[in-house]
Amino acid sequence: MALGVRKLSYALGAEIMGLDLRKPMDDATAAEIRKIWLENLVIVIRGQEITPAQQVDFGRHFGPLDDHKSLPFYRLQEHPEIFLITNKEVNGKPSETKDTGRLWHSDHSFTTRPTMASALYCREIPSVGGDTVFTNMYMAYDTLSDTLKGILDKLEAIHDITTYAPFRKRNPEQVAEMHRINPPVAQPVVRIHAETGRKALYVSEALTFRFVGMTEEESRGLMEFLWEHSVRPEFTYRHQWKVGDLLMWDNRCAMHMAPADYTPGEPRLMHRITILGTPSGRVYQEAAPQKAAA
Ligand code: OGA
Ligand code: MN
């Protein structure tokens, strides 16, 4: 089956036409979607009316799904593979996921098995805004000088969920618990994509503050340059959602963020599935302080 494809921006993103995800998908179609996704980093399939079970079935064509133990908030009872991202009250309380993704990040980079892909299905969206922005981290790497590439190729950076600014506002017990579930992880600054073999930059303003072996002060200048460089407008695509959009991105070579660009009282509800990736990085243990010479 030849699917229709339409590019959504210069840097990344493609819409795929001609799919009805209520119907079972054959392996050849899944392989074609995967190819388009690997080339475009973000794919959008519009106008879908699918159940949670159908969203889960779609995800399983691309790999095993995460049960979201590293972020234990809202999952659908019958489908724990589906994680709810919403600003609506849950059980009469303000939503824990209402500020998800406000800063640029790659999902679960703070674990040693970061996700390969995430897919959001839009169920409710404000009258204007509620967008998600994506950036191409192959381009971010490719456009650096050879000298800086050579330096970065050898570095690791520390990814730590508890440094995520909106997280720091939570109560200390919750932060300590998150730290226990997700200890800091050292990841390569330049990741080699397991399928395309291409190099992509892998640091983010949400989760990465310093390089392994350097202090935060020493890291700051270069880190800030990389955060800014990674999200130059020409590397990005901004998705304006419609109810029924299913959008899947590649966390190995793209970052994303969700600006607070809508009236807070207007409901926004996304159902997310997360497809597991291959192991990357290592749990980071601070070296013991060096004894001063006697
Ligand atoms: C995510 C995320 C952003 C959004 O699902 O990982 O960051 O637009 N979501 O809801
Ligand atoms: Mn995210």
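Counting convention: from 1, in listed order, for ligands and their atoms alike. Every value quoted in this text rests on a predicted model; they were computed, and no experiment measured them.
Two rings, from H105 and F110, have their centers 6.0 Å or more apart. H229 has its ring centre less than 6.0 Å from the ring centre of F235.
Although no hydrogens or angles enter the test, the distance criterion places no donor-acceptor pair under 3.5 Å between the side chain of R191 and the main chain of Y202.
Residues W104 and T135 have side chains in contact (heavy-atom distance under 4.5 Å, counting atoms from C-beta outward).
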Short N or O contacts of ligand 1 with protein, under 3.5 Å, listed by atom name?
from: ligand 1; atom 1: 5 (O); to: R272; atom 2: NH1; distance (Å): 3.3
from: ligand 1; atom 1: 6 (O); to: D107; atom 2: OD1; distance (Å): 3.0
from: ligand 1; atom 1: 6 (O); to: D107; atom 2: OD2; distance (Å): 3.1
from: ligand 1; atom 1: 6 (O); to: H256; atom 2: NE2; distance (Å): 3.3
from: ligand 1; atom 1: 6 (O); to: R272; atom 2: NH1; distance (Å): 2.5
from: ligand 1; atom 1: 7 (O); to: H105; atom 2: NE2; distance (Å): 3.3
from: ligand 1; atom 1: 7 (O); to: H256; atom 2: NE2; distance (Å): 3.1
from: ligand 1; atom 1: 8 (O); to: T132; atom 2: OG1; distance (Å): 2.6
from: ligand 1; atom 1: 8 (O); to: R268; atom 2: NH2; distance (Å): 2.8
from: ligand 1; atom 1: 10 (O); to: R268; atom 2: NH1; distance (Å): 2.9

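Ring geometry, W227 versus F209: the interplanar angle exceeds 60°, so the pair is classed perpendicular (tilted spans 30 to 60°).
The pair R210-E216 fails the salt-bridge criterion, with no side-chain N (NZ, NE, NH1 or NH2) lying under 4.0 Å from an Asp/Glu carboxylate O. One finds a salt bridge joining E177 and R180 here, because a Lys/Arg side-chain nitrogen approaches an Asp/Glu carboxylate oxygen to under 4.0 Å. Between R113 and D66 there is no salt bridge, since none of the side-chain N atoms of the basic residue sits less than 4.0 Å from a carboxylate O of the acidic one.
Distances shorter than 2.8 Å separate the Mn ion (ligand 2) from the protein N/O/S atoms H105 NE2, D107 OD1, H256 NE2.
When every heavy atom of M255 is checked against every heavy atom of S106, the shortest pair comes out as CG-N, 4.4 Å.
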